[in-house]
Amino acid sequence: SVSVAEKAGTIVRDVFNSGELGVVEKGGKNDLQTQADRSAQECIVQSLSRQFPKVTIIGEEEPTDEVVDESHLETGLSEEVLKAVCPQDLQAVKDEDVVVWVDPLDGTKEYTEGFLDHVTVLIGVAVNGKAVAGVINQPYYNYKAGPGATLGRTMWGIVGLGAFGVERLVPPADKRIVTTTRSHSNKLVTESIEAMQPDEVLRVGGAGHKVLLVIEGKAHAYVFATPGCKKWDTCAPEAILHALGGKLTDIHGNALQYHRDVKHPNTGGVLATYSDHDWYLGRMPESVKAAVKP
Ligand SMILES: Nc1ncnc2c1ncn2[C@@H]1O[C@H](COP(=O)(O)O)[C@@H](OP(=O)(O)O)[C@H]1O
Ligand SMILES: [Mg+2]
Ligand SMILES: [Mg+2]
Ligand SMILES: [Mg+2]
């Protein structure tokens, strides 16, 4: 999944450079799909399913009936990952017990508007309904740093092993910074954010991007108290956050489930923090909790 996510990230950049985004409205102007979503999904689902035919793979986008572009496939394996030792409790897992949740492009709305660093490719691995491993590729990491900088990065982690390609940084202690959606806000989102009495609110795109802000200390919490986010948005980021000691739950404090037959929406919303998780849960207004049921 690490090498596959990297390949998908190059596809995301290639489509943007081609200038032909091929935007389709799936469910209104805020629920878009581009050629990059379609091609990156093809890359990930085809590459993984050919190598691991017994694994269940669930992607955000509907499969198209187009002929598979073989140049989109990745069969290489990451040396860095192969060197790691799988945690004891995952060594006996069978292919049939694995569910992979794929978000080929998280932050599509922002991608079409040029907020390129909000975009990530997410591949989450679940076993027995739990997010146990994740890969995040951020294709436009460093794109504002000038032509000399290396563009893009890949982060991965396994619960019980740790995370690589990303480092936990501590946020400022003298203020509270909360991050939430930029393009899918509503009254519940606004009310819950206000209840957290933030000094600063970062309204940015992408679930993967927002969890990265929490991991890297740019925000104390990611608060999204409404349905809308799906399992493929949270599986990979949750696994990496958990591998680093953070916490991602719904807004009631329940763990998210990732079984193959689970309903796709995270109907109970999303709360991700590094510390003081219970404090955020406690400040969640009763009216919001009543409206956002798991
Ligand atoms: N009301 C809604 N309808 C459809 N998708 C939503 C949604 N609210 C959130 N999402 C999805 O959740 C992800 C994170 O949302 P946001 O960037 O607003 O925080 C995005 O994933 P995609 O970009 O992969 O579709 C977005 O589409
Ligand atoms: Mg989408
Ligand atoms: Mg998404
Ligand atoms: Mg997506």
Side-chain angles (χ1 to χ4, degrees), residues 1 4-49 56-74 99-124 134-140 143 152 180-186 189 203-212 224 226-237 258 262-267 270:
S1 291
V4 169
E6 246 156 40
K7 175 75 178 183
T10 66
I11 293 172
V12 170
R13 287 193 295 263
D14 288 348
V15 172
F16 197 82
N17 291 339
S18 79
E20 310 219 348
L21 292 196
V23 178
V24 172
E25 285 187 12
K26 291 199 292 186
K29 63 178 173 34
N30 288 333
D31 194 4
L32 306 177
Q33 185 199 64
T34 71
Q35 188 57 48
D37 298 69
R38 295 186 287 276
S39 294
Q41 161 130 341
E42 175 189 71
C43 160
I44 299 165
V45 173
Q46 290 293 329
S47 300
L48 292 179
S49 63
T56 300
I57 303 172
I58 304 173
E60 175 181 355
E61 312 305 340
E62 294 289 332
T64 63
D65 45 16
E66 285 168 35
V67 185
V68 175
D69 181 344
E70 298 285 329
S71 77
H72 283 165
L73 304 188
E74 172 63 57
V99 183
V100 177
W101 292 93
V102 177
D103 189 342
L105 199 167
D106 182 48
T108 301
K109 178 79 173 163
E110 283 69 27
Y111 179 68
T112 65
E113 295 175 359
F115 296 94
L116 297 175
D117 46 354
H118 298 196
V119 169
T120 59
V121 174
L122 305 174
I123 306 180
V135 183
I136 303 179
N137 176 274
Q138 193 176 21
Y140 286 97
Y143 88 112
T180 194
T181 182
R182 176 183 161 273
S183 55
H184 299 97
S185 196
N186 58 31
V189 170
R203 295 180 200 280
V204 296
H209 178 225
K210 284 188 272 292
V211 173
L212 287 177
F224 190 61
T226 189
C229 228
K230 319 292 190 309
K231 300 298 173 186
W232 44 75
D233 292 305
T234 48
C235 187
Y258 295 97
V262 78
K263 59 181 168 26
H264 295 163
N266 289 314
T267 47
V270 177

Who are the side chain to side chain donor-acceptor pair (under 3.5 Å) partners of Glu70, not counting sequence neighbours? Arg50
Salt bridge (charged side-chain N to carboxylate O under 4.0 Å, His left out) partners of Arg182, counting only residues at least two apart: Glu110, Glu113
Quick one, [X] and [Y] - any side-chain contact, counting heavy atoms below 4.5 Å?
| X | Y | value |
| --- | --- | --- |
| Pro237 | Leu212 | no |
| Val99 | Val262 | no |
| Val121 | Ile44 | yes |
| Pro139 | Val119 | yes |

Side-chain donor-acceptor contacts of residues 21-32 below 3.5 Å, not counting sequence neighbours, with atom names and distances?
unit_1, atom_1, unit_2, atom_2, d
Lys26, NZ, Glu60, OE2, 3.0
Lys26, NZ, Glu61, OE1, 3.0
Asn30, OD1, Lys109, NZ, 3.2

Counting distance only, does the side-chain N/O of Gln41 pair as donor-acceptor with the main-chain N or O of Pro63 below 3.5 Å? no
Output yes when a side-chain donor or acceptor of Tyr111 lies under 3.5 Å from a complementary backbone atom of Thr34, and no otherwise.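 Side chain of Tyr111 to backbone of Thr34, a donor-acceptor pair under 3.5 Å: no, none is there.
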Using the test ring-ring contact (aromatic ring centres under 6.0 Å, His included), find all partners of [X] that sit at least two apart in sequence or belong to another chain.
| X | result |
| --- | --- |
| His209 | His118 |
| His264 | Trp101, Trp232 |
| Phe224 | none |

Side chain to side chain contact (heavy atoms under 4.5 Å, CB included), that's the test. Do Val68 and Glu42 meet it? Break it down for me. CA-CA 7 Å; Val68 175; Glu42 175 189 71; 4.1 Å; yes
How far apart are the C-alpha atoms of Leu48 and Ser1, what are their side-chain angles, what is the distance that settles it, and do they pass the side chain to side chain contact (heavy atoms under 4.5 Å, CB included) test? CA-CA 7 Å; Leu48 292 179; Ser1 291; 3.9 Å; yes
